[in-house]
Amino acid sequence: MTDLDRRRFLQVSITAAGGMMLSLHLPPVVANTNAGSAAGSVEVGAWLVIDPDNTVTIRVAQSEMGQGVLTSLAMIIAEELEVDWRQVRAEYADVNRHLRGGRVYGRMLTGGSSAVRHSMPYLRMAGAEARERLIKAAAESWNLAPDECYADYGRVVHRATNRSVAYGEIAAAAAQVSVAGVEIKSPRDFDLLGLPTPRLDVPSKVDGSAHYSMDVRLPGMVYAAVVHCPVIGGRLLSYRFNVVRNRPGVRQAVRLDHGVAVIADTWWQAHQAAEAMPVEWEVGDEEDFYSATEQRNFVAALDEPGIVVVNDGDAESVMDEAEKSIESDYSVPYLAHACMEPLNCTVVVHADHAEAWVGTQDPEAAVAAVAEVAGLDAAQVTLHNYLLGGGFGRRAHTDYVREATMIAQAYRGVPVQMIWSREEDSRSGRYRPMAAVRFKAGFDLGGKLIAYINHSVTHSIQQDSGGSGIVGGVDPFSIDGLTDMPYYVPNKRISHRIRNTHLTSWFWRSVGHSQNAFAMECFVDEMASAAGTDPVAFRRQYLAGRPKLREVLAELAEKARWGRAMPHGSAQGLALHESFGTICGQVAEVTVSEQGQLSVDRIVTVVDCGNLVNPMTARQQIESGIVFGLTAALYGKLTFEDGELVETNFDQYRMIKLRDMPELDTHFSLSRGDEWGGLGEPGTPPVAAAVCNALFKITKRRIRALPIADYYLRRA
Amino acid sequence: MIKLRVNGIDHELDIDPETPLLWVLRDTLNLTGTKYGCGIAQCGACTVHLNGQAVRSCKTTLGQAANFDVVTIEGLSEHRDHPVQQAWIEQDVPQCGYCQSGQIMAVVALLKQKSNPTDEDIDRYITNICRCGTYPQIRRAVHEAARKWRS
Ligand code: FES
Ligand code: FES
């Protein structure tokens, strides 16, 4: 039985067995073609299928990479559908159908913490529409008007007589009727949204049955390992396949632009052969690239003018006349995503058709990539999306899909699973950009902030992607969190300059916010101390026009017991930042030992994302973002020497482990309304600043370049 | 021919004994629950048991594993009902889930040695990386699993 058949079988057997709770204990059926539903199950609109036993399978058009979308997006439809949650299952929406059916699933890209924010309206409508169709079908079968009936817990009920029918019994009829003028529920009437709900995918993730794309097993499948030029940007000159061709299992070598692949019966055979094969590269100036020098160059480039994005009042002359002014430069290195599952993709290319199995954040782009490389139309490509072993933005790129297709193209008719070793994954580029940020602040006699000048130099993601996303000479992602600076200053000038190196950059959890919140919120503490004010009081004062931020700040100060006496060598530091529609404030409590050893003891967080779909995954996402940001703050740095990456694996690219974990104390302070802020990213941006601001109190030295591990810490 | 016993089943394998156990499990035996994360014994995603002891299968060769009883995540329980798995479900631990087979196998081995581990024990023995940062849930689930297992 092939993998696909097995999954279809599984799906059929689930349906046949039916029954309560089953859905919670079986892995979500992902990546199928939506065609294999059991006999008797009926699609009521593109978004859901109802089985005769009342099991409802809800299709999720976003990718599950740990953020819980298979659960939270299913909850949104289920809320409107008025169904018993215990009978709900989730599966991926089929990208092939999406493309052939005129983009029936809206948008399938997963990124920008947008899964709930952007799909909320149409998912609610999809659920409501199915509900109204079920009501109408039941009413018609009873010769009643639809408004005499209502939906409740998976049944349609006749109000006057309490007569009722289960969804499973009328689904076939509902599929035939159409409805108009459907209304969605008022948030006041939500039963499911807002309830802590265990994730549907969890059980499959505790027994090894959850399938990631690296787990795809197809009849006749072979494996490919790749070696890329150790200097990014270098090209392949030649390789000597003869040296390794007689090794057991080895089949073929494939020339790639920046590397070479070896195909073999097992990945280990392919990997060993690829590593052993003599290869000659052609490298240019990239060989002279030193990241430490480059980071200094970024800071030096702050002296060069940029494009002015915000210009309020007259910042320059007010600054010149200010009673007191301060100036600081911040900078950050390139970072890798280091998804736990190294990038991989399985492809088979035939003369008139190609099929790909991949974990991707952007299935539409992945289809286009396969089609382009294989010289086919998108309609000739079938793509199966899988659970992602981490994404963080990296899997929204399609470079690995293209490369796998190139290899499969050279080995036609046979499914090839390409896996990048951890080292190749690290060397593959698409990094969080390097950046430098400069601030100047001017104060009047009374210590009031009167002028603010901010300039930044950042490696532009949009420029790497062809430049079409650059607006007026500025990459909007580079200045995220800088231009919407929330503190009031009458005279303000904000400018930016693009500076790209030969390395390639990409979206990394929280994108521009990841570096800009660090710089900005550290500088806010510098401004507070220049003004002789407590950091919380300073922020409160200049957030006069921003009640939601002030509210989070107040709640945070209270929850963290801001200002309380700390033991010698310990201190609290605070940062506050809004991103992706969500405000996140954090207080870090850190200790520096006599020996200069740093420990982050506790992080208190207050979040306002408006409303929550699933409080359980919401907390997990915020805390996951904190760990991600803390890892970057403490250790995160990619070093290039002679053009080659030093941190290619976890022995050098250090990750936080259990023993490094602070206690996390996370609170939600929700301002409601109809706002549904993002959650996957907003936990990340403030962490570095909160920790660095605490460290200043202990060491009396500002940390203005990350990571903290580069500093010698000493109690003042 | 190398004899390998995995999850109670004996296999005879005609494979280079220097092959890491990880790839034998994944590519030859199709036991894909054991994951590849780093290949250099740093992340723990590939953790399996040899005679009940946690080892990192990416740095254990087939030859080294040959005389041991190998247990992978698939062999931990019949019905996903090992106390550690149950605690993992109750605490909703996994996010992307990719590291979790390894985390669970490491924790099972720890609890065999220490039925009531302290936080320090957990910090010392569970050195697996979770890029999603599920550490707070892992810690809670370890204590919960220990309670379940003792009773
Ligand atoms: S894959 Fe074995 S420890 Fe990382
Ligand atoms: S759950 Fe994603 S790496 Fe641990």
Of A/Pro342, A/Gly391, A/Gly625, the largest count of non-hydrogen pairs under 4.5 angstrom with chain B goes to A/Pro342
Would you say that B/Arg80 contacts A/Ser209 through its side chain, given a criterion of any heavy-atom pair below 4.5 Å between the two side chains? yes
Heavy-atom contact with chain B under 4.5 Å, split by part of A/Met340: both
Checking heavy atoms, do the side chain of A/Leu388, its backbone, both or neither come under 4.5 Å from chain B? backbone
If I compare all heavy atoms of B/Cys38 with all of A/Asn649, which pair ends up nearest, and what's the gap? O-ND2, 2.9 Å
Salt bridge flag under 4.0 Å for residues B/Arg26 and A/Asp215: yes
For A/Met214, is it the side chain, the backbone, both, or neither that has a heavy atom closer than 4.5 Å to a heavy atom of chain B? both
Give a yes or no on this: more than 12 heavy atoms of other residues, nucleotides or ligands lie within 6.0 Å of atom NZ of B/Lys112. yes
Answer yes or no: are there more than 12 heavy-atom neighbours, outside A/Lys657 itself, under 6.0 Å from its atom NZ? yes
Looking only at heavy atoms, which two atoms of B/Pro20 and A/Trp268 are closest? And how far apart? CD-CE2, 3.1 Å
Between chain B and each of A/Gln269, A/Lys205, A/Met655, count heavy-atom pairs under 4.5 Å; write down the option with the most. A/Lys205
Do the side chains of A/Phe628 and B/Arg131 get nearer than 4.5 Å, heavy atoms only? yes
Should A/Tyr212 and B/Lys35 be marked as a side-chain contact (heavy atoms from CB on, under 4.5 Å) after you check the CA-CA gap, both sets of side-chain angles, and the distance that decides it? CA-CA 10 Å; A/Tyr212 304 83; B/Lys35 302 301 187 201; 3.6 Å; yes
Give the member of B/Ser101, B/Cys132, B/Ala45, B/Gly33 that has the highest number of heavy-atom pairs under 4.5 Å with chain A. B/Cys132
Please determine whether side chain to side chain donor-acceptor pair (under 3.5 Å) holds for the pair A/Gln620 and B/Asp92, giving the CA-CA distance in whole Å, both sets of side-chain angles, and the decisive distance to 0.1 Å. CA-CA 9 Å; A/Gln620 288 170 7; B/Asp92 217 43; 3.2 Å; yes
Is a side-chain donor or acceptor of A/Arg217 paired with a backbone partner of B/Asn30 at a separation under 3.5 angstrom? no
Which region of A/Ser421, side chain (C-beta onward) or backbone (N, CA, C, O), has a non-hydrogen atom less than 4.5 Å from a non-hydrogen atom of chain B, or is it both or neither? both
With a 4.5 angstrom heavy-atom cut-off, which part of B/Ile104 approaches chain A: side chain, backbone, both or neither? side chain
Proximity breakdown for B/Trp88 and chain A, heavy-atom pairs closer than 4.5 Å: both
Heavy-atom contact with chain B under 4.5 Å, split by part of A/His337: backbone
Between B/Cys96, B/Gly133, B/Gly39, which has the largest tally of heavy atom pairs under 4.5 Å with chain A? B/Cys96
I'd like to check B/His82 versus A/Asp207 (side-chain heavy atoms, cut-off strictly below 4.5 Å). Are they in contact? no
Let me confirm one number: the CG-SG distance from A/Leu658 to B/Cys130, rounded to the nearest 0.5 Å. 9.0 Å
Residue by residue, scan residues 69-78 of chain B and write down, ordered by number, those that have a heavy-atom distance under 4.5 Å to chain A; if none do, write 'none'. B/Ile73, B/Glu74
Counting neighbours of CG on B/Asp81 that are heavy atoms of other residues, nucleotides or ligands and sit closer than 6.0 Å, is the number greater than 12? yes
Determine the minimum heavy-atom distance between A/Tyr223 and B/Asp27, stating which atoms define it. OH-OD1, 3.4 Å
Cut-off 4.5 Å, heavy atoms of chain B, and the answer for A/Val206 is both
For the pair B/Tyr36 and A/Trp267, name the ring-plane relationship: parallel under 30°, tilted 30 to 60°, perpendicular over 60°. tilted
Between B/Ile40, B/Thr19, B/Ile126, which shows the greatest number of heavy-atom pairs under 4.5 Å with chain A? B/Ile40
Heavy atoms under 4.5 Å from chain A: which residues of residues 134-151 of chain B carry them? B/Tyr135, B/Pro136, B/Gln137, B/Ile138, B/Arg139
